[in-house]
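Values below: every heavy atom of this structure, side chains too, minus hydrogens, waters and symmetry copies. Letters A, B, ... mirror the listed sequences (proteins, then strands); counts begin at 1.
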Amino acid sequence: MPERPLGRPELDATPVEVAPRLLGTVLRHDDRAVRICEVEAYGGADDPASHAHRRRTDRNRSMFAGPGTLYVYFVYGMHWCANVVCGPDGTAGAVLLRGGQPLGDLDTMRLARPAARVDRDLCRGPARLCAALGIDGTFDGADLCDPSSPVVLVDDGWPPPQAVATGPRIGVRRAAERPWRFWISDDPHVSAVRPS
DNA sequence: CCGCCGATCTTT
DNA sequence: AAGATCGGCGGG
């Protein structure tokens, strides 16, 4: 199957439009990769749950970058989470990668995720996904559409998901009524819903 | 399976 | 003081 980096135009849309498009695509870091099956859309000033809700800061600056930029942030004092920035340059918006099927060098991923007792759990959750792939703050701002980039987002010809489900975003209290979480129905790599 | 709690630190 | 989380533990 031919593999091509995702085109910037495909990501130059609103987070809610881009989010379902990312389901089934592959995020790769060297020999490690994950086929995305669960994402969440985050906006800018219009979205109270977004890191970019208030103003541009040192932390969220990547959210204002051009489509295809990687936004990596640090949460809860110990975890990294990865987003695909979308929309035009200067507009804040991104899609959080919450889960997927581990691909490629599973041995390296298992070493990076010692708490995962089964491979299904390697990338099941946004911080788990980053840990498995070895993605941390040093990758913030990387260009996912550039084939020479250390982390790339590719379309490997996998068929589009048959059924996509939607629901409220996990772990957010603000704007909880927005069904901006998208996942492939019945996919075992979708993260668990936890009480917030 | 479900719920609670602590870890650990940046941002508000 | 809360946060776009996770893993371990205890109870049912």
Side-chain angles (χ1 to χ4, degrees), chain A residues 11 14-20 22-23 27 34 36-65 69-87 91-102 109-142 144 151 153 165-184 186 188-196:
Chain A
L11 304 174
T14 67
V16 172
E17 289 168 335
V18 171
L22 298 185
L23 298 176
L27 183 75
V34 55
I36 303 302
C37 72
E38 181 191 3
V39 297
E40 281 175 2
Y42 287 88
D46 57 316
D47 181 5
S50 171
H51 289 165
H53 175 51
R54 282 180 170 273
R55 67 181 184 281
R56 204 164 176 150
T57 65
D58 188 56
R59 180 208 209 190
N60 68 22
R61 73 192 148 77
S62 289
M63 282 192 79
F64 294 82
T69 300
L70 178 66
Y71 167 46
V72 182
Y73 67 90
F74 190 58
V75 269
Y76 295 115
M78 65 194 90
H79 303 302
W80 297 99
C81 294
N83 296 248
V84 176
V85 175
C86 48
T91 301
V95 176
L96 172 68
L97 304 179
R98 285 202 58 94
Q101 174 188 14
M109 293 201 233
R110 291 173 187 135
L111 284 174
R113 291 262 309 116
R117 302 215 210 159
V118 293
D119 291 347
R120 173 176 174 256
D121 287 342
L122 286 174
C123 302
R124 192 163 159 261
R128 292 168 167 184
L129 186 155
C130 278
L133 267 65
I135 294 174
D136 62 20
T138 64
F139 294 89
D140 182 47
L144 298 171
V151 188
L153 186 61
T166 67
R169 294 171 289 186
I170 294 181
V172 310
R173 339 237 296 188
R174 331 188 102 215
E177 76 288 354
R178 301 187 191 186
W180 284 7
R181 172 172 175 246
F182 302 80
W183 67 93
I184 298 176
D186 303 322
H189 305 96
V190 171
S191 70
V193 178
R194 287 182 182 252
S196 62

Practice prompt. Answer with yes or no whether A:Tyr76 presents, from its side chain, a donor or acceptor under 3.5 Å of a partner atom in the base of B:dA7.
Written response: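 Looking at the base of B:dA7, it does not pair with any donor or acceptor on the side chain of A:Tyr76 (distance under 3.5 Å).
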Using atom [atom1] of [X] as one end and atom [atom2] of [N] as the other, report the distance to the nearest whole Å.
X	N	atom1	atom2	result
A:Asn60	C:dA4	CG	P	12 Å
A:Arg173	C:dA2	CZ	C1'	8 Å
A:Arg59	B:dC9	CZ	P	15 Å
A:Met78	B:dT10	CE	P	12 Å
A:Tyr73	B:dC9	OH	C1'	15 Å
A:Arg169	C:dG3	CZ	P	13 Å
A:Phe74	B:dT8	CZ	C1'	7 Å
A:Met63	C:dA4	CE	P	11 Å

Discussion item. I want to verify a distance call: between C:dG7, B:dT12, C:dA4, whose nearest atom is closest to the A:Ala115 side chain?
Written reply: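 Nearest listed nucleotide: C:dG7.
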Practice prompt. Report which part of the nucleic acid A:Arg174 touches: base, sugar-phosphate, or nothing (heavy-atom distance under 4.0 Å, all strands).
Written response: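 No contact.
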Discussion item. Students often get this wrong, so: under 4.0 angstrom with heavy atoms, is A:Ala127 touching a base, only sugar-phosphate, or nothing?
Written reply: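 Counting heavy atoms under 4.0 Å across all strands, the contact made by A:Ala127 is with sugar-phosphate only.
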Worksheet item: Closest nucleotide of DNA chain C for A:Ala116 versus for A:Val95: which of these residues is on the 5' side?
Response: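 Counting from the 5' end, the first nearest nucleotide belongs to A:Val95.
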Discussion item. Does the structure show a Watson-Crick or G-U wobble partner for B:dT8, both distances under 3.5 Å? Name it, or say none.
Written reply: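 Paired with no nucleotide.
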Discussion item. Need the pair for C:dA4. Rule: Watson-Crick or G-U wobble, both distances under 3.5 Å, any strand; none if unpaired.
Written reply: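 Matched C:dA4 with nothing under the 3.5 Å cut-off.
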Ion pair present between [X] and [Y], side-chain N to carboxylate O less than 4.0 angstrom?
X	Y	value
A:Arg59	A:Asp140	no
A:Asp119	A:Arg110	yes
A:Glu40	A:Arg169	no

Would you tell me if any nitrogen or oxygen in the side chain of [X] comes within less than 4.0 Å of OP1 or OP2 on [N]?
X	N	answer
A:Arg54	B:dT11	no
A:His51	C:dA4	yes
A:Arg128	C:dG7	yes

Item to complete: Answer yes if the ring centres of A:His51 and A:Tyr73 are under 6.0 angstrom apart, and no otherwise.
Response: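 Under 6.0 Å, so yes.
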Discussion item. For A:Arg174, I'd like to know if atom CZ has over 12 heavy atoms of other residues, nucleotides or ligands within 6.0 Å.
Written reply: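 Open.
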